[in-house]
Amino acid sequence: TIRNKKGWALRRYLGKVTVNKKDLKVIKKIIIDSGSYKDCIKTGLTLINKAKNNIITANLSSKNKDIFLSLADYILEKN
């Protein structure tokens with residue numbers, strides 16, 4: 001079936017040390033077509049928000065908190 005073919009296509013990239021832009025496009029298409037992409041984004045957003053809450057309550061200087069919170073916001077914007 002198509003699903004199995006895409007699974008095998010994705011397995012080709014597992015453990016690969018380097019990938020190029022073409023490989024990344026293929027991998028992303030497989031993930032989007034499978035419906036997993038939305039779940040990945042949702043999970044990522046949840047984890048970033050948890051990280052931000054942990055940063056806020058962490059025993060860090062204000063400067064370091066600002067750096068880490070800015071990084072988390074940057075990651076959110078990239079998605």
Side-chain angles (χ1 to χ4, degrees):
T1 65
I2 292 174
R3 186 176 192 180
N4 287 337
K5 287 180 185 177
K6 290 189 178 197
W8 282 109
L10 190 57
R11 285 185 184 100
R12 242 186 324 180
Y13 299 100
L14 292 176
K16 201 170 181 185
V17 177
T18 58
V19 292
N20 58 37
K21 287 184 180 184
K22 182 181 175 187
D23 294 338
L24 290 175
K25 285 182 181 181
V26 171
I27 293 167
K28 186 174 181 178
K29 181 169 178 14
I30 292 169
I31 292 171
I32 289 171
D33 290 349
S34 73
S36 297
Y37 186 75
K38 289 179 184 177
D39 292 334
C40 291
I41 296 298
K42 183 178 175 182
T43 300
L45 294 175
T46 299
L47 293 173
I48 290 170
N49 286 322
K50 284 182 181 181
K52 287 178 75 171
N53 288 331
N54 287 335
I55 293 165
I56 291 167
T57 60
N59 186 19
L60 297 170
S61 69
S62 293
K63 180 181 177 182
N64 287 335
K65 283 184 183 184
D66 287 343
I67 290 169
F68 287 120
L69 289 171
S70 294
L71 177 60
D73 287 335
Y74 173 77
I75 293 168
L76 282 172
E77 288 173 15
K78 293 296 281 181
N79 291 316

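Here, residue 1 is the first one in the sequence, and each next residue gets the next number. All of these numbers come straight from a predicted model, not from anything done at the bench. Quick note: numbers below take in every heavy atom, side chains included, and nothing from hydrogens, waters or symmetry partners.
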Colleague: So, taking the atom named CG in L24 and the one named CD1 in I31, what distance separates them when rounded to the nearest 0.5 Å?
Modeller: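 Output value for this atom pair is 9.5 Å.
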Colleague: Count I, L, V, M, F, W, Y as connected when their side-chain heavy atoms are under 4.5 Å apart, and connections chain through other members. Are I30 and I32 then in the same cluster?
Modeller: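 Linked, I30 and I32 end up in one cluster.
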Colleague: In the single-linkage hydrophobic clustering (I, L, V, M, F, W, Y; side-chain heavy atoms under 4.5 Å), do L76 and I41 co-cluster?
Modeller: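 The answer is yes; both residues are in one hydrophobic cluster.
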Colleague: Hydrophobic cluster membership, with links at side-chain heavy-atom distances under 4.5 Å among I/L/V/M/F/W/Y: are L71 and I67 in one?
Modeller: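 Each belongs to a different hydrophobic cluster.
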Colleague: Not counting sequence neighbours, which residues clear side chain to side chain donor-acceptor pair (under 3.5 Å) with D73? List them please.
Modeller: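 Listed in chain order: K52.
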Colleague: Might you work through the side chain to side chain contact (heavy atoms under 4.5 Å, CB included) test for I56 and L69, ending with a clear yes or no?
Modeller: CA-CA 8 Å; I56 291 167; L69 289 171; 4.2 Å; yes
Colleague: Using the side-chain contact (heavy atoms from CB on, under 4.5 Å) rule, pick out the option among L47, L45, I48 that qualifies with I75.
Modeller: I48
Colleague: Please report the interatomic distance OG(S70) to NZ(K65), rounded to the nearest 0.5 Å.
Modeller: 13.5 Å
Colleague: Heavy atoms, side chains only, cut-off 4.5 Å: are T18 and D23 in contact?
Modeller: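 Not in contact.
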Colleague: Using atom types as modelled and distance alone, determine if a side-chain donor or acceptor of D39 lies under 3.5 Å from a backbone N or O of S36.
Modeller: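 Not at all, since once roles are kept as given, no pair shorter than 3.5 Å links the two residues.
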